[in-house]
Amino acid sequence: MDLIPALWSSLREGYSINNLARDLGSGVTVGIVALPLAMAFAIASGATPEQGLFTSIVAGFIISAFGGSRFQIGGPTGAFVVIVASVIARHGYEGLVVTMLLAGVLLVLMGIFNFGKFLRFIPYPVVTGFTTGIALLIVTTQLKDFFGLGLASVPSGFLDRIAACANALPTFSGAALGVSLGTLAIMILVRQFVPRLPAHIVGIFFATLATWVLHLPIETIGSHFGGIPAEMPHLQYPAFSLESIRVLLPEALTIALLAGIESLLSAVVADGMTGKRHNPSMELVAQGFANIASAMFGGIPATGAIARTATNIRAGAYSPVSGIIHVITLVVFLMFCSKLLYHIPLASLAAILTFVAWDMSELHRFKRLLHAPKADSLVLLITFSLTVFVDLTVAVQVGVVLAALLFMKRMSEVGSVCEVPMEKETDTLPDSNYHDQIASYEVEGPFFFGMAQRFMDIMQFTRTPPKVLIIKLSHVNHIDATAIEALENVIHKAHRTGTTVVLADINEGVRRVLRAMGTKALVGPENVCADYPSALFRAKCLVEKLEQGEQPTATKPRPQTPRVSLPCP
């Protein structure tokens, strides 16, 4: 697929004043929605609120200007909260910068080499498992601010965090809890009765107003962070070493996978809402450059945000210009309204993140998957448990490995190896004496390493070895090196017991592989037949020669006849 940004494609179609008006309205709307979310995700990640705004400005612009989706809105999201907080806690912000640079490079390479199609193969139980786990972790990280607990610091471990918050519960602040619950109630009511209004903004507005007017004794952005500087992000030159790359590469891979999965999922949702199609390769390349730029300008990891993208579409967006206007809106707030942001209470931001985590968890999907086949439910629970109790990086890696193993197991079950009863071939072999001397097996489906052992097990004859073994491959469209090794092991064993192997009905692709690997020479070109009836005729000739005491030699196969369809019983 060509790496052409959606912005260029949409402008090439024509862009009118009416289209600009639509983009202007939607861009301002989604910019207002993104403002509290950018700050909340940054604070939850252990960064500062301005770093969240820098991310939405720098990365958001690149994702909109160069991405593969017409409606994608980029910025910090909940998926990164846990992994970013972990990296900052262990390696500092400098370590996060290196991680983002590595993740950005990985995303660019994934886009160039069209890896977007592979990310779509990560199974639903894996994605749901770590998404629900992340949502639970986000809620627990907000307990301190939600209840106004007197904790100097919040432990990084899930169980330690729960224990610390439980021990500090007597220190809760009634004012903070009231603001949190009030913000939650307002957002729920707005979503229920006035869904067109941005619930986050309405909730945070009334919470900030109440805190300011009533002089509530709770922490705000100003009291905790000293406010937000009214300045644009500036270029920074990170310092890193080979050792830091080695240490941070697993976290970088996790961020790259999460960014790729969430951005493509968001683009797919946008396609479903609009009927358009996104370019996954261009989207991944843009995500990569967005994360590199965010690292260079003091931000945190970014990806396509599903909720903000959906808001953009519902607000009437026409093109990626809407995403660029959303960035301009954030710049205006940062440069001219930063003093107003000073009074936003942290309790209201904790309520917003709790609200977002509830949407993100999709508990109904989690509960539904518990009734799925046992293997899927097990993958779901393992991924969820590793996310919560161990580490998100481990959860993603183990989840992907489990998904691959599950896929291989199911693919091996799709294929089959079964015996073709010789009594069905009475027209071709009128003499029933041949039936005990010729064994015929058919392989169906992809013949790969997941099926190789089953093939070898079935080829372990419990009766007297036949004189000729026919292996029919008409339904094999793919064969890999492990399956070829298993096939050759069977051929070698057959030769040791005096059995001649005849291969039949091989498609051209598989035939080329067998020729290149030397399997055709091992069997003997004369024992590779074009179709099944020819193989039976060849087997009959071999049996006759053996009964006459002759060594089997090449025989001219009879003229090719129409293929006989022999479905496995």
Side-chain angles (χ1 to χ4, degrees), residues 38 41-42 44-47 51-52 54-56 58-60 62-63 67 72 74-111 115-116 118-119 122 126-127 129-131 133-135 137-138 141 156 238 240 244-267 280 283-306 360 383 386-387 390-400:
F41 286 133
S45 302
Q51 287 177 315
F54 292 168
T55 304
S56 287
V58 176
I62 293 175
I63 290 171
Q72 188 83 279
T77 66
F80 291 133
V81 166
V82 178
I83 185 67
V84 171
S86 174
V87 173
I88 291 177
R90 287 183 291 168
H91 306 285
Y93 181 72
E94 295 76 13
L96 178 64
V97 169
V98 176
T99 306
M100 292 167 63
L101 291 173
L102 294 173
V105 172
L106 289 173
L107 281 165
V108 171
L109 293 175
M110 288 162 64
F115 273 32
F118 297 112
L119 290 179
I122 295 180
V126 174
V127 176
F130 66 67
T131 301
I134 290 169
L137 291 175
I138 289 174
T141 59
S156 58
F240 55 89
S244 64
I245 292 175
R246 184 189 65 81
V247 172
L248 294 168
L249 189 57
E251 282 83 359
L253 180 60
T254 300
I255 288 177
L257 284 174
L258 287 175
I261 292 169
E262 186 160 5
S263 64
L264 294 181
L265 180 60
S266 177
E283 185 64 29
L284 290 178
V285 170
Q287 296 288 337
F289 283 119
N291 278 279
I292 292 172
S294 182
M296 300 291 286
F297 283 90
I300 60 176
T303 185
I306 297 175
M360 183 179 176
T383 308
L386 289 174
T387 301
V390 183
D391 183 75
L392 181 60
T393 303
V394 175
V396 172
Q397 294 170 352
V398 172
V400 171

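Summarising the geometry of Ala79 relative to Ile134, their closest heavy-atom pair is O-CD1, 3.6 Å, with the distance given to 0.1 Å. Closest non-hydrogen pair, Ile300 versus Pro76, comes out as CD1-CB, 3.8 Å. Considering every non-hydrogen atom in both Thr55 and Ala302, the closest pair reads CG2-CB, 3.7 Å. Residues Gly111 and Leu284 approach most closely at CA-CB, 3.7 Å, considering heavy atoms. Shown here for Leu106 and Ala256, the closest heavy-atom pair between the two residues is CB-CB, 4.0 Å. Taking both residues in full, the closest heavy atoms of Phe80 and Leu258 are given as CE2-CB, 3.9 Å, listed atom of the first, atom of the second, then distance.
Without hydrogens or angle criteria, Asn291 side chain to Gln287 main chain gives a donor-acceptor distance under 3.5 Å. For Thr303 (side chain) and Ala259 (main-chain N/O), a donor-acceptor pair under 3.5 Å exists by modelled atom type. Looking at Thr99, its side chain never comes within 3.5 Å of a backbone N or O of Ala252 through a donor-acceptor pair. For the pair Thr387 (side chain) and Thr383 (backbone), a donor-acceptor distance under 3.5 Å is present. Between the Ser266 side chain and the Glu262 main chain, no donor and acceptor come within less than 3.5 Å of each other.
Within the 4.5 Å cutoff, side-chain heavy atoms of Ile63 are placed close to those of Glu283. Side-chain contact between Met100 and Ile292 is absent, with no heavy-atom pair separated by less than 4.5 Å. In this structure, Ile245 and Leu102 have side chains that are in contact, with non-hydrogen atoms separated by less than 4.5 Å. Using a 4.5 Å cut-off on side-chain heavy atoms (C-beta onward), Pro301 and Thr77 make no contact. Side-chain contact between Leu107 and Phe115 is absent, with no heavy-atom pair separated by less than 4.5 Å.
The only member of Val108, Leu101, Leu109 that meets side-chain contact (heavy atoms from CB on, under 4.5 Å) when paired with Val105 is Leu109.
No hydrogens or angles considered: nothing links the side chains of Gln72 and Ser263 as a donor-acceptor pair under 3.5 Å.
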| task | Would you check, one step at a time, whether the test side chain to side chain contact (heavy atoms under 4.5 Å, CB included) holds for Ile83 with Ile255? | result | CA-CA 8 Å; Ile83 185 67; Ile255 288 177; 4.1 Å; yes
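Remark: Glu251 CD to Leu96 CG distance equals 10.5 Å, nearest 0.5 Å. Separating the CG atom in Leu248 from the CD atom in Glu94 is a distance of 11.5 Å, to the nearest 0.5 Å. Considering CZ of Phe41 and OG of Ser56, their distance stands at 9.5 Å, rounded to 0.5 Å. Taking CD of Gln397 as the reference point, atom CG of Leu253 lies at 6.0 Å (rounded to 0.5 Å). Ser244 contributes atom OG, which lies 10.0 Å from atom NE2 of His91 (distance to the nearest 0.5 angstrom). Here Leu392 contributes atom CG and Ser86 contributes atom OG; the two are 8.5 Å apart, rounded to the nearest 0.5 Å.
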